[in-house]
Amino acid sequence: MSAAKTTPGRGPHDAGAARQTTAAAALLVAYAAIAALPVVLAWARGLPPRPWLDELSSALAMTSLMVLAVAFALSGRIRTVSSPVGIDAAMRMHQLLARPALLYLLVHPMMYTLPLADRPWDDTHAATLALTPAATLTGLAAWVLLMLLVPAAIFRDRIPYRYETWRLSHALGAAALMALGIHHALDAGRYSGAAPLSWLWGLAAAPCALALANVWLFRPIAMSRRPWRVSRLERIAPRTWTLTLRADGHDGGRFRAGQFAWIKTGSAWRLSDHPFSIASAPARLPEIEFLIKEAGAFTAALPDTVAPGARVFLDAPYGNFTLEGRDGEGLMLIAGGAGLAPVMSLLRELAACGERRPVVLVVGNRIAEQIVFADELREMAGRLDLIVHQVLGEPPPGWPGLAGQLDPDTLRPLLPAPAPERWLYFVCGPTPMIDAVEDALDRAGVPLEQIVAERFRYDSGRPGRRERRMMALFGTAAAANLLVALAFALRS
Ligand SMILES: Cc1cc2nc3c(=O)[nH]c(=O)nc-3n(C[C@H](O)[C@H](O)[C@H](O)COP(=O)(O)OP(=O)(O)OC[C@H]3O[C@@H](n4cnc5c(N)ncnc54)[C@H](O)[C@@H]3O)c2cc1C
């Protein structure tokens, strides 16, 4: 594996920006087209129009069901779905898509004006609604489930149950929601009950079933066939561990520096797993190292659950926090806390490949005792053109490094000059830190395309710069879909 070099005669950010803009535009068009497909197919059936509110209600429900299928597929750890944009962006899209779907389905049952009546002469259901008792039941159950699932996900942090409990209930609830919704559409839908829309709903169920089978069947089978054994668990700072694993009976597979793995302890068939960035470089295989900071039940229990020799199961590799295909005159790596894990993997890879471009590493911690890998970084500075800045939020007296947070004020004097926009930036750490760093880089004129960020939490609070752009993108697509639904409702 070799690190990317600058392309002569062309600004690295130009190529990156063009690639990202094309990917975003393609994504937007594909999403809007998929979401509009059921309404377009319904329109093509040529049935006589009903009152516009009834037609709009059906169109919104069909659009929402399709959007929910897309949202489901995005969360299913299917690499071909999440790889082009990165798994954290895919998860954010999953969350953003659920919001308009919730809104549309909330109003769906309240918008119908036609009576529920059995009139044999109304065979196209232009004057009555075709609602069987079974369809009423599945529709109601799907509606209630959605009203519970989406708010429970948005306000998960404020509800006192474990992340794993929420994740399992969310997955099972979403699967039930799709099954109930599709039954309701097929049984009660004026348009969905017949081909080609009935086929489309069959097709839409496939990625949902695949997503579930992938996470709970195919991945565990693959994980159980390629187990790992704990070589070492070492406490290197307060509440911070390095976990070293060795491939047990296989070569360890392949990964790119900066990627992450889902870890299961005990059994590959456990329902819950946890994502951790690989901190070692690929060259160290068949050994692999993680840097883990205690956060809650799973990480705090590590000393009890992963004694040397214990079996551990990895689903890997995932993630786009990698050097491949990216260009920059230099590299600035910015890490907060455990965000140093994938950054160490990149640095170790750069050192192994004899990287010659300048590299600046900025690491943020609260106190000096949390600084890790200091000796190795000093040694690396001799092999790479590397400058290391340690930043402490609460520095001890006489601290020779920088003091403060990884915010615009701290970062401004550390940015490369004279052309920071020609460098490549890797940022990993808590979400507020990533947002602050992206803001600081934005002010320095660095385009978003030159920044690669890895979020350790999929549930961010205040939307950052990247997220605002994604929201604008999906807002545009949602508006386009609303227009299609309105045009369908108002046709006559
Ligand atoms: C791509 C990625 C890479 C990561 N790399 C590292 C790393 O190298 N080192 C490190 O210390 N931490 C890393 N994390 C964070 C780590 O996954 C969580 O700290 C850990 O799962 C917390 O579990 P817990 O039971 O100890 O704490 P909890 O109190 O249960 O969780 C704390 C928070 O972590 C998140 N979380 C918990 N469980 C999961 C899960 N199963 N899947 C996704 N998110 C979860 C949730 O946002 C939760 O609110 C990474 C996270 C992601 C998404």
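Predicted, not measured: the structure shown is a model, and the values here were computed from it. Counting starts at 1 for both ligands and their atoms, in listed order.
- Taking the charged nitrogens against the carboxylate oxygens, Arg239 and Glu369 have no contact shorter than 4.0 Å, which rules out a salt bridge.
- Contact detail for Ala351 and Met380: the closest heavy-atom pair is CB-CG, 4.4 Å.
- By the 4.0 Å heavy-atom criterion, Arg167 is counted among the residues contacting ligand 1.
- The shortest N or O to N or O distance between Asp157 and ligand 1 is not below 3.5 Å.
- By the 4.0 Å heavy-atom criterion, Phe290 is excluded from the residues contacting ligand 1.
- Note on ring orientation: taking the six-membered ring where Trp is involved, the planes of Phe298 and His274 are parallel (angle under 30°, cut-offs 30° and 60°).
- Applying the ring pair (Phe, Tyr, Trp, His ring centres under 6.0 Å) test to every pair with at least one member in residues 206-230, sequence neighbours left out, gives these pairs: Trp228-His250.
- Checked against a 3.5 angstrom limit, the closest N/O atoms of Thr299 and ligand 1 fall inside it.
- When all heavy atoms are compared, the tightest approach of Ser345 to Ser280 is OG-O, 2.8 Å.
- The distance criterion of under 3.5 Å between nitrogen or oxygen atoms is met by Gly296 with respect to ligand 1.
- When only interatomic distances are considered, the shortest N/O to N/O separation between Arg455 and ligand 1 does not fall below 3.5 Å.
- With ligand atoms numbered from 1 in the order given, ligand 1 contributes 9 (N), 10 (C), 11 (O) to contacts under 4.0 Å with heavy atoms of Ala338.
- Heavy-atom proximity to atom 25 (O) of ligand 1, evaluated over Tyr163, Phe260, Phe298, Phe321, is greatest for Phe298.
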Side chain to side chain donor-acceptor pair (under 3.5 Å) between Glu294 and Trp241, worked out
CA-CA 8 Å; Glu294 287 177 25; Trp241 304 81; 2.9 Å; yes
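- If you look at Ala341 next to ligand 1, the close heavy atoms, those under 4.0 Å, all belong to the side chain.
- Across all non-hydrogen atoms, the minimal contact from Gly173 to Leu149 is C-CD1, 3.5 Å.
- For the pair Phe456 and ligand 1, the shortest N or O to N or O distance does not fall below 3.5 Å.
- Counting heavy atoms only, Leu291 comes closest to atom 9 (N) of ligand 1 of the residues Thr165, Leu291, Asp273.
- Applying the 4.0 Å criterion to heavy atoms of Lys293 picks out, from ligand 1, the atoms 10 (C), 11 (O).
- At least one heavy atom of Ala297 sits under 4.0 Å from some atom of ligand 1.
- Taking each heavy atom of Leu411 and Ala440 in turn, the nearest pair found is CD1-CB, 4.1 Å.
- Taking the charged nitrogens against the carboxylate oxygens, Arg357 and Glu329 have no contact shorter than 4.0 Å, which rules out a salt bridge.
- Put simply, part of Trp262 is less than 4.0 Å from ligand 1, judged by heavy atoms.
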